[in-house]
Amino acid sequence: MSDIARRDPNLVMRLARLGSIHQSRLSFMRVLTRRLAREGWTFEQTAFEVDDNGEGHAVYTAHGPDRAYSLIAYAHDLPAEKRSDRVIAEAWDATFTLFDGVPTADDIERLSHNIPVQEAGRVSGTELSVSRANRSVRLWEHVVSELAAGRQPSAEQIDAVGYLMRTTAVYGSGKLGAADREMIADRPEFRAPFQVEMLSVFLTRWFVRDLVQHMANRRAAANGTNVASLSPELARSMGIGNSTGLGMAPFLLNHPVLFNNWVAARENAIQAVRSLQAAGEDEVALFLSLIERSKITIAGWHSEHKIQLEKLHGLRADVEKVADYLTKNDLSGPRPWDALYVWAENALSLEGQEWIASLILEPYGALVDGFADDMAADNTATFRIAGAMTIGELRALLKDIYVWAIDTDWVAPENKARAWYVSEEKLEPRLGERFEEPIEEYEQPLAPGRDAARLYAALEHWPDEAQVAEFILRHPEHRHVLRRAQIVGRAPYAEIRDNTISDQVLPIDMLRCKLAFFGATQFDPRSDRWVRICMYGNAPFPTELTTENADFWVFPTHTGASS
């Protein structure tokens with residue numbers, strides 16, 4: 001049995017650290033591509049009916065061992081003034097649904113009236129996700145014009161952006177009438193979290209490549225020039241961008257058990273690798289090669305946001321420190337991964353620490369990948385309050401989980417400066433200024449620290465031997481946070497151990513954390529409330545997928561290809 005303990009939730013679950021997590025072997029995109037390759041899924045384009053103006057539809061079908069799924073893509077000729085990444089947008093360059101099976105002509109016709117209008121439409125249980133995307137206008141025009149003139153586009157311009165289109169929403173789990181999670185959760189290919197959405201984006205990237213080539217072909221035909229075919233290496237170097245805003249941030253607070261399972265899987269994996277007594281030559285060689293490839297990602301990571309620029313400055317300094325460490329320590333000693341991790345925790349920034357924590361997992365797929373099976377959660381379960389728990393037990397639980405909150409002065413305006421609410425117009429989460437806007441009566445229960453401190457104070461005069469049931473009968477206003485504390489007692493990584501309503505809170509830390517579990521890279525905050533990322537950059541396209549290239553694609557090589 002290992003004597004290396006899992007990392008303490010009081011260390012892991014702070015917002016600054018959660019906002020520094022990097023993708024890993026357990027990221028949902030890589031879980032998906034490994035499965036697709038391992039199970040021998042096949043892929044085909046079954047329709048591409050897009051006109052010279054870029055309007056029409058296409059269908060891409062993935063065939064698995066038991067079922068098929070089809071991305072139905074609708075392309076639109078969108079005027080520039082209508083292009084917006086905001087959730088209140090009403091038109092997009094392309095819209096999509098992931099269809100359960102192979103659609104008929106009638107399905108494509110029915111959905112053509114609903115998918116392009118997104119929230120204004122309605123879909124059915126045969127649709128598993130609904131999404132939309134906009135072009136990166138300058139890069140799109142550059143690629144189309146260069147190909148139409150018979151030339152390859154500039155690798156430098158491609159690297160500066162990283163994607164031709166970015167999704168502005170990928171909705172699943174019952175949104176707009178699509179299939180509920182419970183309808184598909186028992187399918188092996190969807191058992192891990194967010195596999196529907198990851199498959200949708202994986203196929204969307206294929207459509208985008210085909211669409212940009214089609215538009216170049218049509219322009220070349222109109223101009224009487226010889227068109228170039230986009231090189232496979234340049235095509236693979238581009239992912240799908242994503243703009244994610246404040247609406248995603250409360251997800252981690254609203255799904256505590258699911259969040260616990262994500263973090264616990266990663267922490268279990270880190271613990272397992274740190275506990276290894278020795279590292280083999282092949283594992284060390286792979287680790288060192290991925291360090292070098294990871295440096296390419298870090299060197300090309302662009303951001304103009306002050307916070308991320310400071311973090312990148314620290315991370316690039318950490319890269320040099322790690323290189324120096326590895327020249328002096330060849331990882332041949334006892335427990336080399338634990339030694340590296342302990343050194344990193346003392347020597348590197350949070351970005352650097354979490355970079356190393358993810359990277360040490362890479363050589364150990366056989367040891368680590370099975371933890372992905374534990375990352376889902378049954379959201380239908382009802383978490384009944386354990387009424388027989390004593391007040392003494394509850395008090396001890398609160399002190400363990402919420403000690404930081406109990407010690408916080410909740411009267412001080414700076415500690416409760418913000419309030420989460422839901423906008424009436426779009427039913428999307430928002431974070432407002434409590435003392436500047438009339439929003440307090442609409443506040444959502446997204447400040448568990450404050451609520452736990454209130455509960456702790458309410459217990460002050462209750463004897464230790466009294467039961468929770470008696471307390472909650474007299475004080476039902478504390479039911480929600482009492483239940484939450486009991487959940488965290490069983491799921492220690494379920495709670496963010498930081499103030500989510502202070503004047504210092506950075507919602508981008510929550511966004512970064514969730515997106516890193518998706519497998520995103522190149523985080524580029526545009527404010528403290530929204531971030532752009534890249535998904536599937538350097539990945540093989542579906543028809544290129546093999547067991548050899550299904551995993552380490554996330555680490556670029558110097559040529560822009562991956563292996």
Using 30° and 60° as the class limits, which term best fits the ring planes of His214 and Phe48: parallel, tilted or perpendicular? perpendicular
Would you sort out whether Asp369 and Arg25 count as a salt bridge (charged side-chain N to carboxylate O under 4.0 Å, His left out), showing the intermediate values? CA-CA 7 Å; Asp369 294 351; Arg25 294 194 66 88; 2.7 Å; yes
Is the shortest side-chain N to carboxylate O distance from Lys175 to Glu127 below 4.0 Å? no
With the side chain counted from C-beta on, respond yes when Gln23 and Thr521 share a heavy-atom pair under 4.5 Å apart, and no when they do not. yes
Please tell me if the side chains of Val531 and Arg526 come closer than 4.5 Å, counting only heavy atoms from C-beta onward. no
Closer than 3.5 angstrom, by distance alone: can the side chain of Gln213 be matched with the main-chain N or O of Leu230 as a donor-acceptor pair? yes
Heavy atoms only: give me the nearest Ala279-Leu331 pair and the separation to one decimal. CB-O, 3.9 Å
Is it true that Arg30 and Asp551 make a salt bridge, defined as a side-chain N closer than 4.0 Å to a carboxylate O? yes
Show your reasoning for whether side chain to side chain contact (heavy atoms under 4.5 Å, CB included) applies to Leu326 and Asp324. CA-CA 5 Å; Leu326 292 172; Asp324 183 59; over 6 Å; no
Criterion ring-ring contact (aromatic ring centres under 6.0 Å, His included) against Phe194, the qualifying member of Tyr171, Phe518, Phe517: Phe518
Will you find, in the side chains of Thr244 and Trp530, an N or O donor that is under 3.5 Å from an N or O acceptor? no
His142 and Ser154: side chain to side chain contact (heavy atoms under 4.5 Å, CB included), yes or no, with the steps? CA-CA 8 Å; His142 170 72; Ser154 158; 3.6 Å; yes
Please check if the side chain of Ser70 supplies one atom and the backbone of Gly101 the other of a donor-acceptor pair under 3.5 Å. yes
Shortest non-hydrogen separation from Leu98 to Leu71 and the atoms involved: CD1-N, 4.0 Å
Is a side-chain donor or acceptor of Asp51 paired with a backbone partner of Asn53 at a separation under 3.5 angstrom? yes
Have a look at Trp355 and tell me which of Ile360, Ile21, Thr297, Val322 forms a side chain to side chain contact (heavy atoms under 4.5 Å, CB included) with it. Val322
Is it true that Asp106 and Arg110 have a side-chain N and a carboxylate O under 4.0 angstrom from each other? no
Would you indicate whether the side-chain heavy atoms of Leu340 and Tyr325 approach each other to under 4.5 Å? yes
Is there a donor-acceptor pair under 3.5 Å between the side chain of Arg38 and the backbone N or O of Ala550? no
In the structure I gave you, are the side-chain heavy atoms of Ile307 and Pro525 within less than 4.5 Å of one another anywhere? no
Asn223 side chain vs Thr225 backbone, donor-acceptor pair below 3.5 Å: no
If we count only N and O atoms by modelled type, under 3.5 Å, do the side chains of Asp210 and Gln45 hold a donor and an acceptor together? yes
Looking at Arg512 and Glu354, does any basic side-chain N land under 4.0 Å from a carboxylate oxygen? no
Should Asn114 and Val130 count as side-chain neighbours, where that means a heavy-atom distance under 4.5 Å? no
Please name the pair of heavy atoms, one in Val208 and one in Trp140, separated by the smallest distance, quoted to 0.1 Å. CG1-CZ3, 4.0 Å
Give the ring-plane orientation class for Trp301 versus Phe523, where under 30° counts as parallel, over 60° as perpendicular and anything between as tilted. tilted
If you count the non-hydrogen atoms of other residues, nucleotides and ligands that lie under 6.0 Å from CZ in Arg138, is the total more than 12? no
Any chance the side chains of Ser527 and His305 put a donor and an acceptor closer than 3.5 Å? no
Do the two ring centres, one from Phe259 and one from Phe251, sit under 6.0 Å apart? no
Taking Asn134 for the side chain and Asp93 for the main chain, is one N or O donor matched with an acceptor at less than 3.5 Å? yes
Among Lys311, Arg17, Arg316, whose salt bridge (charged side-chain N to carboxylate O under 4.0 Å, His left out) with Glu351 holds? Lys311
Is the Phe99-Tyr60 ring centre distance short of 6.0 angstrom? no
Row check, Phe541 ring normal vs Arg205 NZ/CZ: under 6.0 Å, within 45°: yes
Polar side chain donor-acceptor pair, Ser349 to Asp318, under 3.5 angstrom: yes
For His313, does the NE2 atom sit with more than 12 other heavy atoms under 6.0 Å from it, leaving out its own atoms? no
Check for me whether the distance between the ring centres of Phe28 and Trp262 falls short of 6.0 Å. yes
Are the side chain of Tyr536 and the backbone of Val554 linked by a donor-acceptor contact shorter than 3.5 Å? no
So, the side chain of Ser237 versus the backbone of Leu234: is there a donor-acceptor pair under 3.5 Å, distance only? yes
Answer yes or no: is there a side-chain heavy-atom contact under 4.5 Å between Pro540 and Thr546? no
Note: Asp100-Arg187 ion pair, threshold 4.0 Å (strictly below): yes
In the structure I gave you, are the side-chain heavy atoms of Asp524 and Ile533 within less than 4.5 Å of one another anywhere? no
Under 6.0 Å between ring centres: does that hold for Phe43 and His63? no
Side chain proximity check, Asn242 to Arg166, heavy atoms < 4.5 angstrom: no
Give a yes or no on whether the ring-centroid distance for Phe96 and Tyr74 is below 6.0 angstrom. no
Check Arg219 with Glu141, please: is the shortest side-chain N to carboxylate O separation under 4.0 Å? yes
Keeping Gln118 on the side-chain end and Ala91 on the backbone end, is there a donor-acceptor pair under 3.5 Å? no
Just by modelled atom types, is the Ala516 backbone N or O under 3.5 Å from a matching donor or acceptor in the Ser27 side chain? yes
